[in-house]
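In what follows, every heavy atom counts, from backbone to side chain, and hydrogens, waters and symmetry copies are set aside. No experiment lies behind these values; they were computed from the predicted model shown.
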Amino acid sequence: MESSTQLAARLALDLTAVSVLTFAVYYPRHRRRDLVPAYLALNVALFAVVAALARVGGNGGMALGFGLFGVLSIIRLRSDSVQHEEVAYYFTTLVLGLICGLTHLEFGFAAAFAGLLLLVVYISDHPRLFARSRRTVVTLDSVHSDPADLRADLARRLGEPLNWTVMEVDFVRDLTVVDVRYREAAPGEDAAHGEQPAAGNSTAERPAPSHRPARSWEAA
């Protein structure tokens with residue numbers, strides 16, 4: 001059984017790791033204040049449970065372990081309010097709490113694993129990684145029977161389409177809902193061809209998709 005000093009060192013490691021993850025990586029990039037206390041509370045609570053499991057041991061520890069499994073199994077991450085990258089932060093906070101709270105794992109290994117997790121999240125969610133790749137769901141005010149026409153329409157409105165899925169077609173209202181992965185055009189480039197616009201053609205004709213829904217755009 002670990003001494004109080006060793007437990008305090010592990011707690012300090014856990015708090016340092018989750019603080020770096022939350023305040024230095026997650027919040028500056030995603031700006032969702034409501035998830036900050038969720039990440040911190042989940043991490044510290046899990047650390048406390050794991051540390052308690054190590055100290056109780058025996059039948060009591062087994063019972064507490066089943067209780068922990070039951071609590072974690074009812075946590076639901078709703079896809080309409082939490083993005084996939086935020087789910088990754090959730091699991092990282094969980095794993096940090098587990099690693100730092102495991103008393104049988106050497107402190108050096110726990111620190112190394114925590115650092116590795118932080119490094120992976122920092123790099124994989126870096127804004128410069130695939131900086132121009134975007135995903136959005138657009139509603140087009142037309143129905144295209146030819147995939148080439150659909151691709152050209154998406155390229156004109158958004159940028160170079162990398163992949164897309166037609167989610168809904170409404171022939172009555174003449175609408176098409178498309179889930180699009182695309183490469184945003186660089187500043188000064190034509191969206192459809194990646195070329196400099198001709199004189200007299202304003203780039204303002206292609207509004208940013210994040211500020212205006214596609215269905216409000218008019219075909220040229």
**Student:** In sequence, state the C-alpha distance, the side-chain angles, and the governing distance for His126 and Ile123, and then conclude on side-chain contact (heavy atoms from CB on, under 4.5 Å).
**Tutor:** CA-CA 5 Å; His126 199 281; Ile123 295 176; 5.7 Å; no
**Student:** Kindly work out whether a path of hydrophobic side-chain contacts (I/L/V/M/F/W/Y, heavy atoms less than 4.5 Å apart) joins Val87 to Leu117.
**Tutor:** yes
**Student:** Using 30° and 60° as the class limits, which term best fits the ring planes of His30 and Tyr26: parallel, tilted or perpendicular?
**Tutor:** parallel
**Student:** Strictly by modelled atom types, are Asp125 and Tyr89 linked by a side-chain donor-acceptor pair under 3.5 Å?
**Tutor:**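 The criterion, which ignores hydrogens and geometry beyond distance, is satisfied for Tyr89 and Asp125.
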**Student:** Give me the atom names and distance for the closest heavy-atom approach of Tyr182 to Pro161.
**Tutor:**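 For Tyr182 versus Pro161, the nearest heavy atoms are CB-CA, 4.0 Å.
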**Student:** Out of curiosity, Asp149 CG to Leu154 CG, how far, rounded to the nearest 0.5 Å?
**Tutor:** 11.0 Å
**Student:** Evaluate the side-chain proximity of Leu158 to Val138: yes if any heavy-atom separation is below 4.5 Å, no if none is.
**Tutor:**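 Yes - at least one pair of side-chain heavy atoms lies under 4.5 Å apart.
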**Student:** Would Leu46 end up clustered with Phe91 when hydrophobic side chains under 4.5 Å apart are linked, directly or stepwise?
**Tutor:**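 Yes.
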**Student:** Give the intermediate values and the outcome of side-chain contact (heavy atoms from CB on, under 4.5 Å) for residues Val166 and Val177.
**Tutor:** CA-CA 6 Å; Val166 177; Val177 180; over 6 Å; no
**Student:** Are the side chain of Thr22 and the backbone N or O of Ser19 linked by a donor-acceptor pair below 3.5 Å?
**Tutor:**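 No.
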**Student:** Going only through I, L, V, M, F, W and Y residues with side-chain contacts under 4.5 Å, is there a path from Phe109 to Leu98?
**Tutor:**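 Yes, Phe109 connects to Leu98 through the hydrophobic network.
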**Student:** For the atom pair CG (Leu35) and CZ (Arg32), what is the distance rounded to the nearest 0.5 Å?
**Tutor:**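 That separation rounds to 4.0 Å.
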**Student:** For the CZ atom on Arg31, are there more than 12 heavy atoms of other groups (residues, nucleotides or ligands in this structure) within a distance under 6.0 Å?
**Tutor:**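 Yes, the 6.0 Å shell around CZ holds more than 12 heavy atoms from other groups.
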**Student:** Where the side chain of Arg29 meets the backbone of Tyr122, is there a donor-acceptor pair that is under 3.5 Å apart?
**Tutor:**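 Yes, because the side chain of Arg29 sits within donor-acceptor range (under 3.5 Å) of the backbone of Tyr122.
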**Student:** Side chains of Trp164 and Asp179: closer than 4.5 Å at any heavy-atom pair?
**Tutor:**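 No - every pair of side-chain heavy atoms lies 4.5 Å or more apart.
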**Student:** Is there a path from Leu13 to Val50 through hydrophobic residues (I, L, V, M, F, W, Y) whose side chains come within less than 4.5 Å of each other?
**Tutor:** no
**Student:** Taking all non-hydrogen atoms of both residues into account, name the closest pair between Leu7 and Ala51 and its distance.
**Tutor:** CD1-CB, 3.9 Å
**Student:** Following the transitive rule for hydrophobic clusters with a side-chain heavy-atom cut-off under 4.5 Å over Ile, Leu, Val, Met, Phe, Trp and Tyr, establish whether Leu116 and Val20 coincide in one cluster.
**Tutor:**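 Leu116 and Val20: separate clusters.
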**Student:** Once you round to the nearest 0.5 Å, how far does CG of Leu21 lie from OG1 of Thr92?
**Tutor:** 6.0 Å
**Student:** Salt bridge check: are Asp141 and Arg157 linked by an N-O gap of less than 4.0 Å?
**Tutor:**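 Salt bridge between Asp141 and Arg157, a charged N being under 4.0 Å from a carboxylate O: yes.
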**Student:** Looking only at non-hydrogen atoms, find the nearest pair between Val143 and Thr176 and report the distance.
**Tutor:** CA-OG1, 3.4 Å
**Student:** Kindly indicate, with the supporting measurements, whether the criterion side-chain contact (heavy atoms from CB on, under 4.5 Å) is fulfilled by Phe47 and Thr93.
**Tutor:** CA-CA 10 Å; Phe47 175 90; Thr93 58; over 6 Å; no
**Student:** So, taking the atom named CZ in Arg10 and the one named OG1 in Thr103, what distance separates them when rounded to the nearest 0.5 Å?
**Tutor:** 6.5 Å
**Student:** State the CZ-CG distance between Phe113 and Leu96, to the nearest 0.5 angstrom.
**Tutor:** 12.5 Å
**Student:** How long is the gap from SG on Cys100 to CG on Asn43, to the nearest 0.5 Å?
**Tutor:** 7.0 Å
**Student:** Between Ser142 and His144, does a side-chain hydrogen bond (donor to acceptor under 3.5 Å, both in side chains) hold up when you go through it step by step?
**Tutor:** CA-CA 7 Å; Ser142 59; His144 298 286; 3.2 Å; yes
